[in-house]
Amino acid sequence: MPVSYPFLLVDAFTQTALSGNPCAVVFDADELSAETMQKVAREFNQSETVFVRQSVTADFGLRYFTPAEELPLAGHPTIAAVTALIYAGRLPLAGIHTTLQMELQEGPIQIDVLAPGGQKPTHVVMTQRRPVFGAVHEPEIVMPFFGLTPNDLYPSALIQTVSTGTPQLMVLLRNHDALRRATPPEPVAFRKYRASSDFFSPHLFCLGGATKAGHTFARHFGVPPDTIEDPVTGSATGGMAAYLWHYRYLDTLNFVAEQGHWLDRPGTVQVSVRGSHESIEMVQIGGTAVVVAVGTMRI
């Protein structure tokens with residue numbers, strides 16, 4: 001007999017439906033196998049689908065899947081999952097500020113929900129892992145994947161893998177023109193390079209927002225069956241924040257990251273970094289989300 005699972009579609013990092021980054025949130029997923037969760041994620045065909053489970057060590061457990069594979073940590077699905085739990089009445093708020101723990105594959109993370117009068121949440125904040133700086137990559141190899149040249153890099157910038165939970169390839173570009181000219185990588189060659197490297201996906205970004213409110217603007221690419229371009233990427237924004245602070249490209253610990261405007265899905269991420277340039281203690285990303293659909297899946 002088929003079993004029913006409630007789900008919601010949530011747009012994250014936005015206050016407006018049909019913008020930001022969409023995510024499928026599936027409740028009561030404790031009995032679903034990893035194989036089935038992967039098939040469900042492929043069925044929803046969002047950049048990520050998050051499965052909410054019970055936890056004995058935290059308030060809830062979360063598992064994240066793209067259409068192709070599982071991730072250890074993801075940003076916009078976390079914001080979406082917390083918003084969905086509140087919307088469904090499964091996460092009562094403790095007033096203006098609610099703190100909870102989410103159990104992930106590699107241990108818990110802290111979530112803070114800010115809500116005036118304990119009612120509608122205005123901001124969900126995710127504390128990501130302490131950043132880890134990985135391999136440095138050769139511009140002559142990497143830049144052609146995106147139809148660019150080493151001259152399109154920000155002067156003297158390193159191409160480097162950075163992880164605040166999921167390793168992402170950080171590519172700081174010279175300006176918005178270079179970012180606009182970037183194209184999704186050719187799948188076969190890029191998959192071969194990725195398989196021999198240490199990152200999940202590439203995050204291309206530049207200084208200066210898409211609007212006057214932003215400090216940075218970014219694009220995030222994948223290869224099929226994953227989404228070719230992700231509208232707003234929370235985990236990579238955390239890694240980008242660590243990269244920018246570590247290498248002193250920003251002089252503020254708190255900034256606004258923008259993404260998705262050229263896809264007609266504008267998104268805004270509030271970012272905070274704590275610690276010195278040499279020893280970053282914590283990266284937080286936050287934003288709002290909107291529930292756009294509620295349904296039941298039978299499998």
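We count residues from 1, following the sequence as given.
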Establish, from distance only, whether the side-chain atoms of [X] and [Y] form a donor-acceptor pair under 3.5 Å.
X: Thr252; Y: His215; value: no
X: Asp230; Y: Thr233; value: yes
X: Thr164; Y: Arg129; value: no
X: Ser19; Y: Thr14; value: yes

So that I can tick it off, tell me whether [Y] and [X] are bridged by a salt bridge, with the cut-off set at under 4.0 angstrom between side-chain N and carboxylate O.
X: Lys39; Y: Glu43; result: no
X: Arg63; Y: Glu70; result: yes
X: Arg42; Y: Glu48; result: no
X: Arg90; Y: Asp59; result: no
X: Arg248; Y: Glu278; result: yes

**Q.** Parallel, tilted or perpendicular, as decided by the 30° and 60° cut-offs, for the rings of Tyr193 and Phe199
**A.** tilted
Q. Checking Arg180 against Trp262: charged group under 6.0 Å from the ring centre and within 45 degrees of the axis?
A. yes
Centre-to-centre under 6.0 Å for [X] and [Y], is that the case here?
X: Phe217; Y: Phe205; answer: no
X: His76; Y: Phe13; answer: no
X: Tyr154; Y: Tyr249; answer: yes

Q.
Let me confirm one number: the CZ-OG distance from Phe60 to Ser55, rounded to the nearest 0.5 Å.
A. 10.0 Å
(Q) As a test of understanding, state which of Thr49, Thr78, Thr166 forms a side chain to side chain donor-acceptor pair (under 3.5 Å) with Tyr64. (A) Thr78
Q: Check whether more than 12 heavy atoms from other residues, nucleotides or ligands sit under 6.0 Å from atom CD of Glu69, and answer yes or no.
A: yes
